[in-house]
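Here is the structure we will look at.
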Amino acid sequence: MTTLSRRKFLKISGATVAASAVATSGCSLGNSGAGTKESGIRTVATYCDLCFWKCGAIATVKDGRLWKIEGNPLDPLSRGRLCPRGTGGVGAHFDPDRLRTPLLRRKNRGDEEWVAVTWDEALGTIAEKMQKIKAEYGPEAIALFSHGIGGNFLKHTLKAFGTPNITAPSFAQCRGPRDVGFRLTFGEDVSSPERTDIRNAKCLVLIGSHLGENMHNTQVQEFAEAVGNGASVIVVDPRFSVAASKAKHYLPIKPGTDLALILAWMNVLVQEGLYDKDYVDQYGFGFDHFAASISTATPEWAYIETGIDPDVIRETAREMARYRPATLVHPGRHVTWYGDDAQRSRAIALLNALIGSWGRKGGFYTPQSMDVPAYPYPPYPKPLKEKVDNPGHRYPFAHETITTGIREATITGMPYPIKGWFTYATNLLHALPNDQETIRAMQNLDLMVVVDVIPSETAGWADVVLPESVYLERHDDLNVEWFREPFVAIRQPVVASPHDQKPGWWIALQLANKLGLEAYFPWKNAEEYLEKRVTAAGLSWDELKEKGIIRGQHQPIYYSEGVPAEFPTPSGKIEFSSPQLAQAGFDPVPRYTRPTQGPEGSFRLLFGRAPVHSFSRTQSNPILADMMDTNEVWVNANAAARLDIADGQYVRLRNQDGVVSNRVRVKATERIRPDCVYLVHGFGHTARGLRRPFGKGASDAQLVTRSAVDPLMGGTGMNVNFVTIEPAEDNHA
Amino acid sequence: MSSRYAMVIDTAKCVGCMDCVVACKTENNVPEGYNRDWIVQDVRGTWPTLHMEIRSERCNQCDEPPCVETCPTGASHVHDRGGVVLVTKELCVGCKACIAACPYDARFIHPDGYADKCTFCIHRVEQGLDPACVAVCPTRCMTFGDINDPNSQVAKLLTSRKWHTLKAEAGTKPSVYYLT
Ligand code: SF4
């Protein structure tokens with residue numbers, strides 16, 4: 001086995017859309033308990049799909065019935081322990097709300113009225129419409145919104161069909177600004193899993209990052225480890241998060257002003273000469289201009305914006321300097337907040353650069369990966385048109401496809417029409433801002449296909465719904481991760497699908513056949529595909545199936561261990577001042593602008609995660625719903641008292657555009673500022689097929705009618721909505 | 001000295017993610033709507049000067065268990081290994097005397113009619129495994145072992161760290177300890 005070189009990482013890290021592979025067909029029932037009178041206990045090694053961290057897992061089947069799922073001790077991501085969602089993954093298989101059979105729309109879009117059809121009929125209908133769209137508008141008129149590794153096979157089919165319009169909300173609605181900000185500074189992304197060396201950090205700074213509520217497994221494990229080792233934790237959050245309760249310094253910042261705080265921290269480090277001068281001299285570019293630009297961003301100036309005491313700003317800056325370079329200012333993950341997000345992320349990158357944490361132990365390590373060749377497919381046809389999402393490169397630093405750009409093109413027909421949507425495992429109506437725009441776009445389509453395991457809100461708008469097997473019932477592509485150490489992991493079926501669900505690879509293969517794209521599927525089933533890739537990497541297929549994970553050799557991950565300090569920016573250095581940005585007409589050094597404020601008496605709407613749910617995908621999982629079956633709206637206890645609203649009372653939230661939420665209980669708490677409210681994302685389902693979570697809690701997505709678009713990369717900042725609170729007319733349980 | 005099983009939980013590390021609750025559910029087939037363990041977030045102070053202790057709670061496997069004392073049928077009993085309090089479901093008549101006696105609200109009546117609660121996963125412990133909640137915890141905040149063995153991890157933690165138990169004043173002598 002070989003591990004990939006550093007060069008290759010840089011290359012891949014710079015690629016626009018992760019190239020990926022395809023899979024096969026044919027459920028290997030050898031692995032499945034379906035229909036047999038199986039007795040006794042057996043285990044299957046696989047990897048989790050409750051979020052996209054992809055932890056290695058071991059599932060146990062008892063007398064033919066799925067019993068439990070535990071972490072695979074061989075897996076460096078889970079280190080033998082899954083997060084609560086992963087442990088509750090059992091419920092994904094048993095969920096009574098699952099999609100069971102292919103469905104064709106019977107009435108109007110959005111009516112959720114269906115006829116059950118065969119796979120042949122469903123796929124035949126899709127292929128026919130795709131060919132029609134292709135004939136009239138070209139293959140580029142089909143777009144795919146896909147989230148997670150399971151979408152790889154469908155991506156392959158659609159690339160073979162000839163469209164470049166493949167996207168995921170993970171860029172413009174989530175981590176995109178962060179990766180752009182870091183790329184502009186260091187020339188590289190933070191990537192996922194984040195290359196953050198939390199475990200070895202002696203000082204950890206979390207800006208709105210709610211580790212412990214956000215359960216990306218390795219990060220939480222390392223967070224607890226760092227806390228256990230006595231790391232000094234600094235938490236900046238309008239809400240007293242779980243992480244805040246572990247902090248030495250909690251900074252209850254005014255929402256939207258984080259950039260002011262970060263600039264002031266940098267100001268202190270520079271003014272007091274506390275930054276890593278050797279590191280900056282050796283690797284930095286444009287430092288003098290940078291230093292001059294932030295010279296007015298004093299703690300006293302930042303106090304007016306942020307509400308954070310200047311002494312606290314100084315003290316925390318000094319704390320960061322004290323532990324450098326083992327001080328990690330975490331870049332966050334979901335960072336589409338205010339529309340200045342790429343510049344805020346760039347400021348975080350620069351703060352890390354001053355501390356000298358990039359490439360250093362306790363800061364950011366250099367990830368490694370196994371060299372597993374892609375499947376040798378024939379080359380894809382070259383699309384005649386450029387991607388539709390970013391005409392004229394109006395967002396010059398968007399290095400991935402912008403979902404909302406595709407949505408806009410679907411509505412306007414410019415720069416060219418989009419007439420077909422596929423969505424795979426992503427609920428666009430909860431993921432994109434302004435759900436009415438998404439509906440307008442969908443109404444403009446000739447074909448709307450949803451591939452998913454549950455009947456999401458978005459599925460309700462489809463012409464054809466294809467029920468996928470859950471991850472415990474299917475093969476998926478190999479997980480060849482960039483991480484602390486190289487490894488490859490396999491997902492393989494543990495039990496059979498209970499109804500007429502099919503794996504994603506099978507769906508992609510059958511659709512390709514119907515489209516006359518057989519040449520792109522030289523394999524007959526996923527196992528053939530996987531075995532070929534694994535063998536080509538010089539690894540043992542039997543060992544991988546048996547253990548679930550094969551680990552590669554440990555390689556250096558820090559500069560101190562011999563990793564070369566390379567920065568693939570235009571200057572080849574860490575760009576404190578960015579000529580790229582200046583050339584494109586943006587601030588070469590981040591500059592703060594005050595966020596817009598809401599109407600008098602309103603609260604800024606913030607949202608986040610709970611440890612037991614992922615996005616809007618898990619609320620029907622019976623085990624996870626048993627842990628948390630609704631959300632609450634967090635309101636500062638004093639603010640609630642002033643409004644005469646009691647803890648536990650049902651209210652509705654009304655946003656600035658008159659959109660009123662489903663009723664939701666109030667959590668009157670000291671743990672949040674008086675100028676904002678907070679919801680856990682993913683609740684307030686309105687899809688009728690989601691019987692368990694239907695109508696429970698309030699949906700933040702519904703209230704996010706506005707967004708502030710990041711001019712650098714097209715991300716949609718969503719923390720720019722304001723709500724008032726009104727008692728729910730029907731105030732009973 | 002005979003063994004005395006105990007659980008030591010580090011509240012500094014615990015994030016209250018409920019993985020312990022989920023793992024107990026699947027391991028022990030705990031029916032929907034019931035839990036053998038649960039999370040408490042103990043918040044003190046006023047915004048923004050706050051303190052929060054997060055605890056994973058369960059039956060305290062008391063050394064002086066009032067539930068066993070009040071059980072009229074002998075269903076609630078102390079197991080011969082590690083002092084673990086168990087319920088023999090065949091002997092239980094579901095009278096709820098134990099539920100009333102428990103200061104920790106740790107018991108419930110299983111839909112099949114018997115009193116149920118945490119067993120310290122004695123079926124796993126007797127195979128040399130940790131209880132499911134301890135084994136799953138991503139923060140590794142929980143430690144299980146024999147407190148009567150001075151070389152055990154649990155015994156060492158209790159001598160090296162500050163700790164408290166729940167409702168010590170109830171006099172039940174809990175075997176679940178919380179490090180602060
Ligand atoms: S972090 Fe949790 S949900 Fe995500 S892959 Fe890992 S165990 Fe599964």
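Order of the sequence lines fixes the chain letters, A, B, ..., with proteins taken first and strands second; residue numbering starts at 1 for each chain.
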Pro138(B) and Leu82(A): which non-hydrogen atoms are nearest, and at how many Å?
-> CG-O, 4.1 Å
Atom pair OG1/CG of Thr669(A) and Leu50(B) - distance to nearest 0.5 Å = 7.5 Å
When only heavy atoms count and the cut-off is under 4.5 Å, which of residues 84-95 of chain A reach chain B?
-> Pro84(A), Thr87(A), Gly88(A), Val90(A)
Side chain, backbone, both or neither: which part of Gln41(B) has an atom under 4.5 Å from a heavy atom of chain A?
-> side chain
Would you find a donor on one side and an acceptor on the other, under 3.5 Å apart, between the side chain of Lys246(A) and the backbone of Cys14(B)?
-> yes
By a 4.5 Å heavy-atom criterion (distance strictly below it), what part of Val136(B) contacts chain A: side chain, backbone, both, or neither?
-> both
Max heavy-atom pair count under 4.5 Å with chain B, selected residue of Arg81(A), Met627(A), Met628(A) | Arg81(A)
Hits for salt bridge (Lys or Arg N to Asp or Glu O under 4.0 Å) against Arg484(A), two or more places apart or cross-chain, chain-then-number order -> Asp197(A), Glu222(A)
Select, from Glu213(A), Lys62(A), Lys68(A), the one with the greatest count of heavy-atom pairs under 4.5 Å involving chain B.
-> Lys68(A)
In Å and rounded to the nearest 0.5 Å, what is the CG to OG1 distance from Asn638(A) to Thr46(B)?
-> 8.5 Å
Could you pull out the closest heavy-atom pair between Phe240(A) and Met52(B), with the gap in Å?
-> CE2-CB, 3.9 Å
Part of Val242(A) within contact of chain B (heavy atom distance under 4.5 Å) | both
Where does Ala132(B) contact chain A at under 4.5 Å (heavy atoms): side chain, backbone, both or neither?
-> neither
Does any heavy atom of chain B fall under 4.5 Å from the side chain of Gln221(A), the backbone, both, or neither of them?
-> both
Chain A contact via Asp10(B) - which portion, at a heavy-atom distance below 4.5 Å = neither
Any sub-3.5 Å donor-acceptor pair from Lys13(B)'s side-chain atoms to Glu225(A)'s backbone N or O?
-> no
Can you tell me how far CD1 of Ile672(A) sits from CH2 of Trp47(B), rounded to the nearest 0.5 angstrom?
-> 10.0 Å
Between Cys137(B), Cys20(B), Gly16(B), which has the largest tally of heavy atom pairs under 4.5 Å with chain A?
-> Cys137(B)
Any chance OH of Tyr104(B) has more than 12 other-residue heavy atoms, nucleotides or ligands included, within less than 6.0 Å?
-> yes
Scored by heavy-atom pairs under 4.5 Å with chain B, the best of Gly80(A), Pro622(A), Ser245(A) is Ser245(A)
Would you indicate whether Arg65(A), at its atom CZ, is surrounded by more than 12 heavy atoms from other residues, nucleotides or ligands within a distance under 6.0 Å?
-> no
Residue pair Arg79(A), Arg140(B): steps toward the side-chain contact (heavy atoms from CB on, under 4.5 Å) verdict = CA-CA 11 Å; Arg79(A) 297 195 275 170; Arg140(B) 291 172 169 76; 3.7 Å; yes
Asp105(B), CG atom: more than 12 neighbouring heavy atoms under 6.0 Å = no
Interatomic distance, SG@Cys17(B) vs CG@Asn217(A), rounded to 0.5 Å, equals 9.0 Å
Does a salt bridge link Glu32(B) with Arg692(A), judged by any charged N lying under 4.0 Å from a carboxylate O?
-> yes
Atom pair OH (Tyr250(A)) and OG1 (Thr49(B)), whose distance is rounded to the nearest 0.5 Å = 10.0 Å
Where is the tightest heavy-atom contact between Glu27(B) and Trp67(A), given as atom of each residue plus distance?
-> O-NE1, 3.4 Å
